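The structure under discussion appears below in the form of structure tokens.
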Amino acid sequence: MGNQTFTMIKPDAFADGHSGAILDMIIKAGFSIKAMKLLRITAEQAGQFYAVHKERPFYNDLCNYMSSGPIIAAVLEKENAVADFRKLIGATNPADAAEGTVRKLFAKSIEANAVHGSDSDENAHIESDFYFSKLERV
Ligand code: UDP
Ligand code: MG
């Protein structure tokens, strides 16, 4: 791989009506959408997705938050996708996110931070497979 990443528009950003603006930023930054869906996950499913953070103090709150409302999950393609997408969304904590990034513009807090972005090619693959079958990708 190396050219794909996985994202979610998180419950706060979806509920606040920012999905269109965020997708517009993603497309204008040169990413193409390979798969996309609107869905709601359970706290258990969020727990599976974020299993790597199981021992962290924010884990339970994060799982409840991620299941609190609809999200949009998508697979994105671009050269250097993982790093370029992390740059587009900005730091985890919006207080530290650079001007013009998705999280600077739309995140409410370090938890409700508008979007997810994979942190490696390997995790992009694992996360995409968590949400999408082969048939659901163009
Ligand atoms: N998170 C949180 N508190 C923290 C750190 C992270 O609530 O102190 C949440 C936040 O929603 C973040 C997610 O947990 O996006 C996953 O954390 P990670 O460190 O992987 O940040 P990311 O890769 O999303 O920037
Ligand atoms: Mg992460």
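Since the model is a prediction, treat every value here as computed from it, not as a measurement. First listed ligand is number 1; within each ligand, the first listed atom is number 1.
- Between Val75 and Phe132 the shortest side-chain heavy-atom distance falls below 4.5 Å.
- Heavy atoms of Asp119 come nearer than 4.0 angstrom to ligand 1 in no pair at all.
- Here the shortest heavy-atom pairing between Thr92 and Arg103 reads CA-NH1, 3.4 Å.
- Of the polar atoms of Arg86, at least one N or O is found under 3.5 Å from an N or O of ligand 1, judged by distance alone.
- When hydrogens are left out, the protein atom nearest atom 16 (C) of ligand 1 is His53 NE2, 3.6 Å; that is the closest non-hydrogen contact.
- Geometrically, ligand 1 and Tyr50 share no nitrogen or oxygen pair separated by less than 3.5 Å.
- Among protein heavy atoms, atom 22 (P) of ligand 1 sits closest to Thr92 OG1, 3.5 Å.
- Set against the non-hydrogen atoms of Asn113, the atoms of ligand 1 under 4.0 Å away are 10 (C), 11 (O), 12 (C), 15 (O).
- For the pair Arg56 and ligand 1, no heavy-atom separation below 4.0 Å is found.
- Atom CD of Glu111 is separated from atom CG of Leu62 by 6.0 Å, given to the nearest 0.5 angstrom.
- Phe85 and Phe31 have perpendicular rings, their planes meeting at more than 60° on a 0 to 90° scale where under 30° would count as parallel.
- Asn3 CG to Glu79 CD: the interatomic distance, rounded to the nearest 0.5 Å, is 8.5 Å.
- Regarding atom 9 (C) of ligand 1, its nearest protein heavy-atom neighbour is Leu62 CD1, 3.8 Å.
- Contact between Arg103 and ligand 1 is present, with at least one heavy atom of the residue lying under 4.0 Å from the ligand.
- Leu76 approaches Ala81 most closely through the heavy-atom pair O-CB, 4.5 Å.
- In the displayed structure, Lys87 atom NZ is contacted under 6.0 Å by at most 12 heavy atoms of other residues, nucleotides or ligands.
- The Lys10 neighbourhood of ligand 1 comprises atoms 10 (C), 11 (O), 12 (C), 15 (O), with distances under 4.0 Å to a heavy atom of that residue.
- Distances below 4.0 Å separate heavy atoms of Glu111 from the following atoms of ligand 1: 7 (O), 10 (C), 11 (O).
- The protein non-hydrogen atom at the shortest distance from atom 10 (C) of ligand 1 is Ile110 O, 3.2 Å.
- With hydrogens left out, the protein atom closest to atom 4 (C) of ligand 1 is Phe58 CD2, 3.4 Å, a heavy atom.
- For the atom pair CD1 (Ile89) and CG (Asn113), the distance works out to 7.5 Å, reported to the nearest 0.5 Å.
- The aromatic rings of His116 and Phe6 are tilted relative to each other, their planes meeting at an angle between 30° and 60°.
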